[in-house]
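Below: one structure, written as structure tokens.
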2 protein chains.
Amino acid sequence: MIRIILVDDHAVVRNGYRRLLDAEPGLQVVGEAASADEANALALRTVADVALVDLSLRGSSGIEAIRGMLARQPALKVLVLSMHEGAGHVTQALRSGALGYLTKYSEPAEVIDGIRRIAAGKRVFSPEIAQVLAAEAIDGDGALAHLTPREFEVLRMLVHGESASGIASSMHLSPKTVLNYLTLIRQKLDADNDFKLLHLAARHGLVDIHHALGA
Amino acid sequence: MIRIILVDDHAVVRNGYRRLLDAEPGLQVVGEAASADEANALALRTVADVALVDLSLRGSSGIEAIRGMLARQPALKVLVLSMHEGAGHVTQALRSGALGYLTKYSEPAEVIDGIRRIAAGKRVFSPEIAQVLAAEAIDGDGALAHLTPREFEVLRMLVHGESASGIASSMHLSPKTVLNYLTLIRQKLDADNDFKLLHLAARHGLVDIHHALGA
DNA sequence: CGGAAGGTCGGGAATTTTTCCCGGTTTGCC
DNA sequence: GGCAAACCGGGAAAAATTCCCGACCTTCCG
């Protein structure tokens, strides 16, 4: 029996997965979380084999959820299920310990199959993601590649319009620390103004520019 | 019996809704579509009471799907279920004929309730969306409207990537004056950071976003 | 015509933000 | 263990922004 934790901030989506997975023999959902904090708390009291994680959680990022859960349950196998195909998201997720990455365009059967493979210790990727990874490999190190996970997370929230203090409280950090990260990020990305920052973030799929700014 | 059409490009999400709704007495999913084209074709051959539409479809927009379906089935009641809370999305959807707008943060029970209310001809909105609508109503003709010509021009150049000193020399002004204008602009637009500025400018068609970011 | 209202332009000082530098802790890896 | 790198935040210097001010000009209207 493969025990599964769902991490997604959309109640309806969690509900859908629970019904889908519980109906499958050998799979069982043992917990749900809607935020990184909830995921961390859940990982303390509920042991599972596989975590199905959506990257774009409401307050914070799924990256944080992954890191937190793995810190508490190192044996947990993480399968990311995200709408975002941007290279930045994928590499950050893998670097944070995720074993696989599917998009939400995947068919239910693919997801179920993916969970079984992940539980068996294998890696699983959507075709689109494989594309992205290949491009990344050819491209070399994108500008965002040598940001640390924390820096990446701060940047992600920033370009989504969060204020520094908002990021701080959301990540349980001192505002001062966030500001220091921001300085580092601007240096690493060689961005003298915020527009350039946004441009870089958009290029690497950190934010969908049309969706974020378009009418 | 309320007959429902699902329009969402995520197979897993559609699957989740189908399971959720079919399990509910009095509700029945009679069709699914993953794109605006599919939705239009579906509306030709399948009569339904309510359409549950996700705005961000892969190829085209859910707005298109709404218009197309309503053209073919004017009696169809459209309930938008989107991740996006942006004012632009909401007003566009309503203007296109949607009767209600829920976010994907809604609980399954809210969605089911919403469908029943929509089918009864009522309007349904998430609390977040109500907020957005209220803000929109108060905002009136749009924030950019009461910028002075000079302020407007400064903003336009700024979002095109110009630096403050660049704007100054280009407009034959003291850099100091430009900085003063920027302060005024940020106040008038209630933008505490540059991302919000860019967001507003883009929304009002002030700038081609790709060119603005130096692509 | 006079005068109020609003836009334009910039200086100087206060204020805030950003940067730079520091040290301590933790983590992963030879 | 020792090393490198990430993580976290304090403090002070440096830079940017805001706030407040006055001057000039045009427009509108009683």
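Chain identifiers are assigned alphabetically (A, B, ...) following the order of the sequence lines, protein sequences preceding nucleic acid strands; residue numbering begins at 1 within each chain.
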Check your understanding: To the nearest Å, how far apart are B/Arg150 CZ and D/dC24 P?
Key -> 19 Å
Review point. Does the distance from a Lys or Arg side-chain N to an Asp or Glu carboxylate O, for A/Glu64 and A/Arg67, drop under 4.0 Å?
Key: no
**Study point:** Integer-rounded Å distance: D/dC7 C1' and A/Ile185 CD1
**Key:** 13 Å
Exercise for review: Give one of base, sugar-phosphate or nothing for A/Leu182, where a contact means two heavy atoms less than 4.0 Å apart.
Suggested key: nothing
Point to revise | Flag, side chain of B/Asp9 to backbone of B/Ser35, donor-acceptor distance under 3.5 Å | key: no
Study note, to complete from the structure: Sorted by chain and number, sequence neighbours left out, side chain to side chain contact (heavy atoms under 4.5 Å, CB included) with B/Thr177 holds for B/Leu173, B/Ser174, B/Tyr181
Practice item. State the NZ-CG distance between A/Lys77 and A/Leu70, to the nearest 0.5 angstrom. Key: 10.5 Å
Check your understanding: Which atom names give the shortest non-hydrogen contact between A/Lys188 and A/Thr148, and what distance separates them?
Key -> NZ-CG2, 4.1 Å
Review point. Where does the chain B footprint on DNA chain C start and end, counting 5' to 3' with a 4.0 Å heavy-atom cut-off?
Key: C/dG7 to C/dA13
Check your understanding: What integer distance in Å separates A/Tyr181:OH from D/dA5:C1'?
Key -> 11 Å
Practice item. State whether the distance check finds a donor on one side and an acceptor on the other, under 3.5 Å, for side chain A/Asn180 versus base D/dC8. Key: no
Review point. Taking only residues two or more places apart in sequence or in another chain, which ones pass side-chain hydrogen bond (donor to acceptor under 3.5 Å, both in side chains) with B/Asn15?
Key: B/Arg19
Point to revise | Rounded distance in Å - CG (B/Leu184) to C1' (D/dT17) | key: 12 Å
Practice item. Report which part of the nucleic acid A/Thr183 touches: base, sugar-phosphate, or nothing (heavy-atom distance under 4.0 Å, all strands). Key: base
Revision key, fill the gap. Closest to the side chain of A/Lys176, out of D/dG9, D/dA6, D/dT18, is D/dG9
